[in-house]
Structures are given as C-alpha cells and as structure tokens.
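Okay, structure first, notes after.
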Amino acid sequence: MESPMTKTHTLGFPRMGEQRELKFALERHWRGEVSSDELEAVGRQLRSRHWQLQRDAGLDFVTVGDFAYYDHVANHIQLLGCEPPRFGFSGQEAPLARYFTLARGIAREAGTSGEGVPALEMTKWFDTNYHYLVPEFTADTTFSLADERLFAEVDEALSLGHSVKAVLLGPLSFLWLGKEKTSDFERLGLLERLLPVYGQILARLKAQGVQWVQIDEPILGLDLPSNWRQAFEPTYAQLAGAGVSLLLATYFSPLQENLGLACRLPVQGLHVDGIRAASEVAAVADWLPTHKVLSLGVVDGRNIWRTDLDATLKLLRALRELRGHDLWLAPSCSLLHVPFSVAGEQGLDEELRSWLAFAMEKIGELSILKQALAGEPTAEHALALSRQAIQSRRASPRVNNPAVAERLAALPAAADRRHSAFAARQAAQRQRFGLPLLPTTTIGSFPQTAEIRAARAAFKRGELSTVDYEKAMKKEIAHAVAEQEKLDIDVPVHGEAERNDMVEYFGEQLAGFCFTGNGWVQSYGSRCVKPPIIFGDVSRPTPMTVAWSTYAQSLTQKPMKGMLTGPITILQWSFVRDDQPRSTTAAQIALAIRDEVCDLEKAGIGIIQIDEPAIREGLPLRREAWRDYLAWATRAFRLSASGVADDTQIHTHMCYSEFNDILPEIAAMDADVITIETSRSDMELLDAFGKFKYPNEIGPGVYDIHSPRVPSTEEMLRLLKKALETIPAGNLWVNPDCGLKTRGWPETTAALRNMVDATKTLRAELA
Ligand code: GLN
Ligand code: ZN
C-alpha cells in the first residue's frame, strides 16, 4: 500500500490585492477613467501575483476560480447562464459590462421617465461580513454554460506552470443562496436543469487538464429541509461521472446530521472546517472511507490569530496514527475573510504583530505543518518562533487585566436589570421630560460632509492641531443642533460629526483594542472594511463621548440624546479573541459601555441611545445555537444599559427588518425606546410587534435614508397612521429609518421638515 500523502492548499485567496489594487482599478473603471482592457490587465496581474505567492509559500496547488471582479456568486450567475431577464440584455453587451450591470443596476436616465433597473439584491454570505449578489430564479429559469472566464483563468494559471485546483460553488448551495422571484415553484426543482451545465463545466475543466475541482457546499452546515438533504446523493452521483476528482468543501459550521451524508457522497475528497467544527474532526476521519482525501481546515480562516502549531501537530499526528487518509491541510474556509499580510503592519509593535496571521502568514503556517509532519528539520526554527509567540500572547499582561476579570466575577446578579419595571420608568421619564405625544427624533448621525472628512484626514496626518480639530467638530455640532432647533425636533442629537465609524470610534478609545494600517477585508464589490482587533481584556480608561454630548446639550433646552454603540455590534464588527468565549468579551465591552452610560447620566444627559444594529447578524448558523447566543447577547446589552436611574431613558436602534423570530429576545433587552427600520416594508414589520404586544416605546422609521428622495408629508402621515393601528399612540415615536450620515444637508432638512409637519398634523388630529 502507498503511504499516505500530505498536501497543502487553500479554499480561496483574498482578491483585492495587498494595496487594494483591484478596488482602485474597479472604481476608476466605473468612473470611466480606465478601460475594461486595463481593468482586466490589473485582474490578470493580481491573479498571477497571488498564485505565485501561494506557490512560493509551498502550497501544492493554486486555487483558480476564487477571483472575482465583484463577487464569486455573481461569477456563477454568468457562468451558469442565468442572468435575470429583467436586465433586458440583448446578448450584444460585453460580458464584463453585463456583470457590472447585475452588480450595480442601471441608473435612471436624467430627463427621462424610465425607472432604471435595480441591481441584484445583496445579502450576507453565511455569517460573514462579506455580501454576495443574490441569484434570482423563476419557474422559467434556464441554465447554460454561458461564460468563458473560469476556463480562461485556468489556462492562465496552467500557462504560468502552476498545478491547478479549480473551485466552483456547488449546485445545491448555488440554488439555496438564490431567491424565488415568484411563489409558483420551488427553486430546488431547477436542479434538474442546472446539473447538466455543471457536468459540462467539469468536462471542460477535465479537458483542460485539471485533475482536482473543489466544489463548495457550505450549506451542509445549515439546518436543511429534508428535500434539500436528499438531493445531495443523486446530485453527486450525477457529477461523479465527469472524470475529474471532486473535493467537496464544507465550512463555517458543524455538519452534524449531515456528517454521514457528506462522508458517503461519491466524491474523491472532503474538506471540513477544523475550527468551527473541531469536535467533528475525529468522527469525520472515522466515517470517511480511507481512499478519499481528508482535507482539514486547521488554520482559522475567519480570524487573524496565529495558529498554535504544536497543538495542531499533535492532533494531526494522532489522526494519522488512527487512519490512513491522504491528508490535505488548509485554512478552515476561504481566506477572503482575512486581510492580506501582517508584514506591512509597521504601526503595530513587534509583539502584537507576532500574535497575528493574515492570509500570507496562514498559508505559511500550512507549509510549516506539512514539513513538521514529514519530520523535516527545517520546520524546527519556524515552530520555535511560533511557540514563543503563542506563549507570549497567553502570558501577556497586555492581554490579561485581572481587574476586568474580577469586576465581571463580582457583578451582582441584578446588574443586568433596571431598578424598576418599564411602567414605572415610563412614568418617571414622562414626568422628567414632558415630551409631546409622538415625540420626534433622529437616529444619531447627520451628514458627514466633505469638510468633516477633510478635517479628520488633516487631523490624522498631523496637519490640524487637536484644538483646531475640536473647534471644527464643535462647529459642526452647533450647526446640527441649530438645524434641529429650527425644525423643532423634540429629542435632538449632536450629529456624530467626530466619528469616522461607529465601531472604530469606540475601539480607538477602549483598552484591549488595536488597529491595523492595512488590514482590509472585502465587504462587497470594491468596498472593504478594516475591522478593529480585540486582543485583550476590554476596559474604558476615560470618557469617550461625554465632552461632545455635554457641549451639544449646552446649546439647547431640549433633552440632548447621547449616542453610543452597543457591545454586540462592537464585537460583531471586530476580529475577536479566540482565547476566551465571545460571551466573555461581550460582557467586558458591555461594562465599558456601561461606564460611559453612567458618566453621561452624571453629566446630565438624560436620554441615551445604545445602537445594536448587529444583534441579528450575530445569530449562529445553526438554530439550536440561537438561544444561547441570544441569552448572552441580550444580557450584554442590558449590562451596558442598566446602571442608570429610572428617569434616564435608554434607547436602542436596529436597522434591519426581520424581527419575527427574535422578538421575545428584543423585548428582553428592555430598552425604554427602540427605533427600527420599517419604511421600506411599509410598516408591515410592525404587525409582529403588535401581535407580540411589544411592551415598551417604539419608533418605526417613517422614511428610508438610503436614497436622496425627499418623502412628502402625506406619505409619512400615512405611514404613521398605519403604525397607530398596531402601536398605542402613547408609545409611538417618530424618526427616520437610520442615521443620516450618507445624506446631504438640503435633502435631510427637507425630509425632516416634512416628518415634523406630518407629526404635528397627526397630533392635532388625535387631540
Ligand atoms: N447612530 C448611528 C447613526 O446614526 C446608527 C448607525 C446604524 O444603525 N448603522 O449613524
Ligand atoms: Zn441603522
């Protein structure tokens, strides 16, 4: 018998380039400054550079098909020939032009009455912060092999002399991730039409000389309806005939009831997420026939920490003793979700840098693991360095702050409860603030104008002094307050001019956080985010917002609303420690925010909003894990909010519109007022709040802030009346859907004027 072999590979590599070259090329192309040929040249250059880097790092394959000019799901929509007919393509357009039309829509032509065509909808890729373009299906959707890009990229890699593994999104995951545009059919029924096209693609790849195709079916980690589960065996039986070796890739979530199914599908290899599904690795090794390749995702593709190579080696050695699979080592998932390389992070000190591993460092770790498994002495030095870094992180006083742990341990059981129940608080707050019926407010931010951004940039470059920067921001705050006074808004805000970003602003002031200079991760299209890194115990050394809020309060007699970001949103939009449960980190952030809430209260700010737009997106992929998550997430919110007196009013804000399945938990957050996004769904979402008899006050957004359109007074009056059908007048607030930072001032004041007019009209009618 041949002895088992170890290989290394990655499921996918970041696309943007070390310096976000693709982002800048795309944006220049969209502005018409760069031709599609020039854009394609940038793409080609990035691919060849990234393949070479993977090869130099010692990977046994380069992965082809992970590149995309916008989104890999959109690539598949073109490849599989299912561009929705609503785009009206004639077939004469260049494929890349059509592709960008799917992604960005067709603008309405100025001066015409045409409506334009909206882009494909975008939604989150599983539980990541990456957004994909949603395929649209109808009963009439057909498929065909309609695009050459994948094959051209394979040729490109082959001609550069690489050993190629191609990657495809599997047919079942592709259908699952799409949406049914009409209700007269089930998209799973399209499988029969879809599979022959996958067959043709595999045949083409085989003809090109590709031996391995990674076929991603991440939905095997979801709670699937039984007809979807049952579709796997016949699907893969059909694809097995193509004559290429298939590596079925799963990631992000344990396989659980699908574990046996995944192991027995007629494919040549299986990849499992050794991080998120660590507890299943032994079972997979047991169940997977030994003639199949076992690909283990042992390096965390969702986080930025250096791998504990000693521990991983121990696990791998034990596995090898037990079973005789050919073992492939990989990151747990595509490296799309981590930044490019730590090497450029000169702004972080050496110790911190040594704890981190981005995409480049992660593929380096795979090579070390492989060498070490083969007993090569060359691995020793790298292993020693890694060991040192792991130990320094574990023992570092920068990570461990005993005061934080002690404070958490000593919390009284009632620390996450307000003193009194809502009814008593409501009475106290009514007496204190004397607000009119249907009080008006906004969600926090006012337009982030070019001047604000320029001032901040100059301040960061050191060209504007702290004093001058503060002066500039105070001027903006004074302007926002004056505008709200003119508009007669009942609960004004300071406008958040001083905030670059609602998480970064707080992270920069909290202990336990650090920031990279170049740690960009693709969010969608050309958009990237640079998440903070939470590396240590979190605490709040000094007040973060009190000076701005008290300044704003000094400018008006009305109650100024203080504005904070909540613990779960801060957690969710950061890279989080992997050496303690997320719930512990959440509780630490919660206490830091609680300190700020209490200081605001002490400074006379009587209304405080704690934004939690990310609570829903933190929901685990598996339903059975929801309850636990929601319990600690809502407790973290309550911890942050419960240090105040009854007559201090706590608001929260969430900007999404699916609440039905988590309403009891939202109610358990016990905010005095919740503002939510409802205008786009025409208040329909309120039905759920009404049925549930949501007890506290509520501000359903009466206008969509995503477009510059100014809604009329009548329109908002109608929405408010609709809201009154479900929410008692005494509990109803009036506000936009979300913050206004992306809008301009003229449309903002016009829309708010109409909003206040609608409110006053309704008040008069009710009186
Ligand atoms: N207070 C924030 C703002 O107004 C809320 C943003 C959000 O919900 N995403 O911008
Ligand atoms: Zn919002």
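As the structure lists them, so they are numbered: ligands from 1, and atoms in each ligand from 1. Only a predicted model underlies this, so the values are computations on that prediction, with no experimental measurement involved.
A salt bridge links Arg425 and Asp672; the closest N-O separation between the charged side-chain nitrogens and carboxylate oxygens is under 4.0 Å. A salt bridge links Arg540 with Asp599; the closest basic N to acidic carboxylate O contact falls under 4.0 Å.
Classification of the Tyr629-Trp632 ring pair by plane angle, with boundaries at 30° and 60°, yields perpendicular. Ring geometry for Phe446 against Trp745 counts as parallel: the plane angle stays under 30°, on a 0 to 90° scale with 60° as the upper cut. Ring-plane geometry between Trp125 and Phe252 is classed as perpendicular, the angle between the planes exceeding 60 degrees on a 0 to 90 degree scale with a lower cut at 30.
Aromatic rings from Tyr130 and His72 are positioned such that their centres are separated by under 6.0 Å.
Atoms of ligand 1 lying under 4.0 Å from any heavy atom of Asp611, numbered from 1 in the order shown and given with element: 1 (N), 2 (C), 5 (C). The distance from ligand 1 to the heavy atoms of Glu496 drops below 4.0 Å at these ligand atoms: 1 (N), 2 (C), 3 (C), 4 (O), 10 (O). Which parts of ligand 1 touch Cys738 is read off a 4.0 Å heavy-atom cut-off, strictly below it: atoms 7 (C), 8 (O). For ligand 1, the atoms lying closer than 4.0 Å to a non-hydrogen atom of Gly739 are 3 (C), 4 (O), 10 (O). Every atom of ligand 1 is numbered from 1 in the order shown, and the set under 4.0 Å from a heavy atom of Gly444 is 4 (O).
Cys655 contributes SG and His653 contributes NE2; the angle these two atoms make at the Zn ion (ligand 2) is 120°, rounded to 10°.
Ile610 and Ala641 make their closest contact through CD1-CB, 3.8 Å (heavy atoms, listed as atom of the first residue, atom of the second, distance). Contact record, Arg638 with Met669: CG-O, 3.5 Å, taken as the closest heavy-atom pair.
From the protein, the heavy atom lying nearest to atom 10 (O) of ligand 1 is Ser445 OG, 2.7 Å.
Not one N or O of Gln609 is nearer than 3.5 Å to an N or O of ligand 1, by distance alone. On a distance-only criterion, Met502 and ligand 1 share no N/O pair closer than 3.5 Å. No N or O atom of Lys741 sits closer than 3.5 Å to an N or O atom of ligand 1. The shortest N or O to N or O distance between Trp573 and ligand 1 is not below 3.5 Å.
Using a 3.5 Å distance cut-off with no hydrogens or angles, the side chains of Gln426 and Asn731 do pair a donor with an acceptor.
For His653, every heavy-atom contact with ligand 1 shorter than 4.0 Å involves the side chain, none the backbone. By the criterion of a heavy-atom distance under 4.0 Å, the side chain of Cys655, and not its backbone, is placed next to ligand 1.
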